[in-house]
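Report on one structure; see the data block that follows.
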Amino acid sequence: MSRSFWEEPMNSHANRSSMALPAFIARLALIVLFATATIAKAEDGYRLWLRYDPLPTRTIEIYQTRVTELVVPGNSATLDAIRTELVNGCSGLLGSPVPARDHVERDGAVVVGTPRSSTLIAGLNWQRELMDLGPEGFRIRSIKSSRRSLIVIASNNETGALYGAFHFLRLMQTLQPLGNLDVMEKPLLKLRVLDHWDNLDGSIERGYAGRSLWDWSALPEKVDPRLRDYARANASLGINGSTLNNVNADARILSADYLRKVAAIGDTFRPYGVRVYLSARFSAPIDLGRLKTADPLDPEVAAWWKKKVDEIYQFIPDFGGFLVKANSEGQPGPRTYNRTHADGANMLAAALAPHGGVVIWRAFVYDMRPGYDRAAAAYDNLQPFDGKFRANVLLQVKNGPVDFQPREPFHPLFGGMPKTQIMLEAQITQEYLGFANHLVFLPQLWREVLDSDTYARGRGSTVSKVISGSLYGQRLTGIAGVANTGSDRNWTGHHFGQANWYGFGRLAWNPDLAARQIAAEWTKMTFTRDARAVPAIVQLLLESHEAVVDYMTPLGLHHLMCGGHHYGPAPLLNTEARDDWNPVYYHRANEQGLGFDRTQTGSNALSQYHKPVRDRFADLDTCPEKFLLWFHHVSWDYRMRSGRTLWNELALHYQGGVDWTRKARQEWTALAPVIDPERHSAVAKKLIIQERDAIWWRDSCLLYFQTFSKRPLPEGVEKPARTLEEYKAKSLPW
Ligand code: GCW
């Protein structure tokens with residue numbers, strides 16, 4: 001059996017007989033020491049959800065007859081990856097070696113591949129089904145062949161077979177019956193990409209889990225073996241793209257020196273179906289090419305990009321394309337030359353089209369004029385170009401109209417550009433959500449956005465349908481997640497941050513998956529299958545998002561974070577360079593009340609939504625209270641649906657968030673017997689920070705808002721731990 005590279009090397013057994021006693025004891029001590037270290041190291045979270053430790057004995061007994069040998073005929077890097085993964089996975093889970101064979105020898109063989117790699121699969125007559133499932137879909141089926149019972153994992157394409165293999169391992173890891181399998185799966189979105197905001201110096205913008213995984217100085221000669229594990233983890237979810245560098249891009253990434261390094265990364269990812277994308281700096285023709293302009297309508301500029309793109313494909317034949325942040329937060333772009341976003345995107349798209357590459361143009365564009373509402377800016381800037389983008393351009397839109405807040409209503413560009421291929425951009429890294437210190441299960445947030453009804457084509461026009469193309473029939477579809485990975489041994493800083501990487505991948509595959517299912521799968525694969533612990537952890541995960549919203553920005557408040565780093569509260573902040581980087585711009589607290597009026601009496605950003613949505617949000621009687629202060633400025637005594645005043649309700653939400661962090665700590669403590677000590681204690685420490693931070697948020701926000709509301713804290717809300725002056729003097733440390 002070949003051992004998984006996740007696993008530690010096996011200890012060699014000492015030869016007792018030929019050894020003197022002291023030497024033997026010393027050797028034994030060493031072995032014990034080594035074994036302990038090995039076990040301890042194994043629980044550092046590195047293996048993510050791909051842990052292949054033995055399943056419960058009863059399950060093994062049942063599975064052992066179903067999975068006896070692994071038949072992955074053929075030779076290619078992907079087929080090899082499938083074979084290795086299945087041998088390691090099945091052997092580990094079943095606690096004894098499951099051999100790989102060239103052909104079926106017995107009942108219980110698992111046969112994997114494509115009609116081209118396996119004659120058995122070619123003979124099954126599944127052509128039509130496999131065709132319908134596309135290049136990344138797969139079928140898993142229990143069949144009888146030559147009187148033998150087999151499990152077949154088949155796809156038209158090797159990457160699909162790899163996804164099928166991971167799906168099969170997930171079934172085992174989550175203890176699903178294998179007796180009569182009949183699974184057909186295909187991804188609902190085409191591009192499922194992680195965006196890394198990694199800089200060339202190894203730092204990561206908004207990264208909280210160490211340094212960049214790409215060691216540019218060592219590449220291309222030395223490729224960190226970890227990159228293969230990164231690709232494996234992505235493939236296990238069906239993530240098929242990775243944008244390596246920050247959208248605040250350094251043009252040097254496009255130089256030949258760097259392209260060689262990028263190619264080495266691409267070679268490592270390729271067997272796992274992960275294509276490489278790069279963020280392109282719009283001014284690269286000037287920065288790298290020494291041209292005088294980057295005007296997209298200048299023929300020399302277009303020629304420069306064409307040549308550059310041709311060069312990229314020499315290095316990376318399956319290069320995915322460019323991600324572009326243009327004319328946003330100081331980045332250069334077509335507007336610099338009085339050209340439109342469409343001009344810019346289309347010029348790059350023309351260079352990429354012959355190679356099958358795409359341009360992913362970001363909609364995160366906001367201008368500042370006096371009285372401007374930032375929440376309305378992206379729509380105003382991009383919507384007029386609906387239908388103007390080339391066929392290989394996607395417009396990547398953040399889930400909400402401001403910026404990855406703990407909660408936002410859906411972005412009005414979803415359903416607002418029927419003739420444009422819109423992609424969703426989610427943020428997995430927790431820029432505004434407590435960095436890698438807070439436990440917050442983001443699939444819950446994404447679920448809320450995906451389920452939001454835009455009413456673009458009447459009831460049921462959900463964001464999920466907009467991005468999956470089922471509403472408008474767009475050809476290219478996709479989703480991107482700003483990665484939360486880094487060089488930390490456990491990849492994501494917080495062990496529970498792994499759930500967000502996992503959950504993003506699962507939703508990218510199927511944006512209609514329930515958050516509860518994702519939470520349960522992840523928990524069983526990552527932490528424990530204990531029948532009482534699983535529901536407890538799932539519950540914590542599912543409650544966590546609302547709790548974080550409660551102690552940070554309840555009832556539609558947003559952007560109350562400290563300037564710059566965005567950790568901790570600074571509701572009074574009013575000194576940032578731009579108005580719309582200041583919390584006071586967003587909460588608009590005064591003696592009358594609180595909230596941003598985005599109705600007709602205010603910025604009227606609401607007009608960007610389709611009519612029934614607009615009307616529902618505009619009317620205080622129908623506006624969901626979770627968005628109340630996003631759309632309305634309401635008085636401190638405004639009566640909430642509970643009968644309480646706004647002030648009292650607000651205070652109780654803050655308190656509720658704090659209460660949850662305490663409950664989470666207690667429940668986590670109770671789980672100690674079923675979680676390994678190393679990860680248990682690491683999470684427990686993070687939960688202490690989360691409680692401290694929640695209190696800080698509650699107190700500083702309430703004390704500050706109280707200077708306007710001039711009302712006492714209601715019963716049930718604890719007395720603040722410090723004075724407002726103290727909170728002003730010091731910001732929350734991370
Ligand atoms: O949320 C803001 C972040 C910036 C980021 C920007 C963006 C990469 O604070 O760090 O820049 O969004 O999405 O472009």
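What's counted below: heavy atoms across the whole structure, side chains too, no hydrogens, waters or symmetry copies. Just follow the structure's listing: the first ligand is 1, and inside any ligand the first atom is 1.
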Subject >> Student check: side-chain heavy atoms of Leu323 and Ile360 closer than 4.5 Å >> reply: yes
**OP:** Could you list all the side chain to side chain donor-acceptor pair (under 3.5 Å) pairs where at least one residue sits in residues 326-336, not counting sequence neighbours?
**Re:** Asn248-Gln331, Arg281-Gln331, Lys325-Glu329, Asn327-Thr336, Glu329-Tyr366
**OP:** Compute whether any side-chain donor of one residue and acceptor of the other, for Thr429 and Asn484, lie under 3.5 angstrom apart.
**Re:** no
Subject >> Identified ring pair (Phe, Tyr, Trp, His ring centres under 6.0 Å) partner of Tyr432 from the options His438, His559, His558 >> reply: His559
Original post:
Should the pair Asp250-Arg252 be classified as a salt bridge under the 4.0 Å nitrogen-to-oxygen rule?
Top reply: yes
Original post:
Are Lys398 and Glu408 close enough for a salt bridge, meaning some N to O gap below 4.0 Å?
Top reply: no
**OP:** Anything with a heavy atom under 4.0 Å from ligand 1 counts, so go ahead and list those protein residues by chain and number.
**Re:** Trp197, Glu205, Arg206, Asn246, Val247, Asn248, Lys325, Glu329, Arg362, Phe364, Lys398, Asp403, Glu431, Tyr432, His566
